[in-house]
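Taking it in order: structure first as structure tokens, then the write-up.
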Amino acid sequence: TDIGQLLLNEFRNSDVIARTGSDEFSVLLTGTTTESMAKPLKNLTAALHEENMNLPFDLTYEVRVVAFEPERHLTTQQMLDDACQTDTDD
């Protein structure tokens with residue numbers, strides 16, 4: 001399964017997709033509000049569900065949201081660090 005390609009298919013060309021670990025990816029949604037994230041996440045859930053039907057294991061994902069603050073986030077790494085410190089709904 002090519003997760004990178006699946007992500008490229010479900011997000012916009014203006015979004016930035018990066019592999020940030022051996023099995024971790026991050027997506028930077030540009031020009032997006034928290035409310036407008038619902039549609040691409042719904043599409044991703046549907047695509048993963050379809051992909052999982054053909055696999056002997058389930059692919060899952062976790063969402064962590066960080067709003068860009070120019071005075072705080074001088075680099076994308078600082079945004080990733082903040083995302084790693086946020087709680088999830090698990």
Side-chain angles (χ1 to χ4, degrees):
T1 298
D2 187 346
I3 299 303
Q5 188 60 51
L6 188 140
L7 292 170
L8 285 170
N9 291 344
E10 299 308 322
F11 291 96
R12 304 167 301 181
N13 290 338
S14 61
D15 298 330
V16 178
I17 299 168
R19 185 175 210 138
T20 53
S22 62
D23 62 351
E24 297 173 353
F25 291 83
S26 296
V27 180
L28 174 62
L29 300 171
T30 59
T32 305
T33 64
T34 303
E35 295 79 25
S36 63
M37 288 176 35
K39 184 173 182 184
L41 291 178
K42 182 178 178 183
N43 292 345
L44 178 61
T45 298
L48 282 175
H49 176 73
E50 186 174 320
E51 192 69 31
N52 283 339
M53 293 173 59
N54 301 313
L55 297 173
F57 53 87
D58 281 346
L59 298 171
T60 61
Y61 71 93
E62 178 179 291
V63 175
R64 294 177 182 230
V65 177
V66 175
F68 174 65
E69 299 174 33
E71 65 282 349
R72 178 182 169 97
H73 300 121
L74 302 178
T75 67
T76 52
Q77 185 61 52
Q78 289 170 321
M79 287 185 73
L80 287 170
D81 292 345
D82 281 358
C84 289
Q85 294 175 14
T86 61
D87 291 330
T88 62
D89 291 46
D90 295 347

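We number each residue from 1, following the sequence as shown. These figures come from a predicted structure and were not determined experimentally.
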Taking it one step at a time, do F11 and N43 satisfy side chain to side chain contact (heavy atoms under 4.5 Å, CB included)? CA-CA 9 Å; F11 291 96; N43 292 345; over 6 Å; no

Side-chain heavy atoms nearer than 4.5 Å, only ILVMFWY residues, links allowed to pass through others: does that put I17 and V66 together? no

Report, as yes or no, whether the 6.0 Å neighbourhood of atom CD on E50 holds more than 12 heavy atoms from other residues, nucleotides or ligands. no

If you round to the nearest 0.5 Å, how far is CG of D15 from CG of L28? 7.5 Å

In the single-linkage hydrophobic clustering (I, L, V, M, F, W, Y; side-chain heavy atoms under 4.5 Å), do L6 and F57 co-cluster? yes

Working for side chain to side chain donor-acceptor pair (under 3.5 Å), residues Q77 and D81: CA-CA 6 Å; Q77 185 61 52; D81 292 345; 2.8 Å; yes

Return the CD to CD distance between E24 and E62, rounded to the nearest 0.5 Å. 9.0 Å

L48 and F25: same hydrophobic cluster, using ILVMFWY side-chain contacts below 4.5 Å? yes

Test T75 against L80 for side chain to side chain contact (heavy atoms under 4.5 Å, CB included), laying out the working first. CA-CA 9 Å; T75 67; L80 287 170; over 6 Å; no

Intermediate values then yes/no, side chain to side chain contact (heavy atoms under 4.5 Å, CB included), Y61 and L41: CA-CA 10 Å; Y61 71 93; L41 291 178; 4.3 Å; yes

Do V63 and I3 share a hydrophobic cluster (ILVMFWY, side-chain heavy atoms under 4.5 Å, transitive)? yes

Give me the atom names and distance for the closest heavy-atom approach of H73 to F68. O-CE1, 3.4 Å

I would like to know whether Q78 and D82 meet side chain to side chain donor-acceptor pair (under 3.5 Å); could you show each step before the answer? CA-CA 6 Å; Q78 289 170 321; D82 281 358; over 6 Å; no

Smallest heavy-atom separation, P40 atom then E10 atom, equals CB-O, 4.3 Å

Separation between NZ (K42) and CE (M37), nearest 0.5 Å, reads 15.0 Å

Derivation of the side chain to side chain contact (heavy atoms under 4.5 Å, CB included) call for V27 and V16: CA-CA 6 Å; V27 180; V16 178; over 6 Å; no

At what distance, to the nearest 0.5 angstrom, does CG of L44 lie from CD of E51? 11.0 Å

When you group the ILVMFWY residues by side-chain heavy-atom contacts below 4.5 Å and let the links chain together, are L7 and L55 in the same group? yes

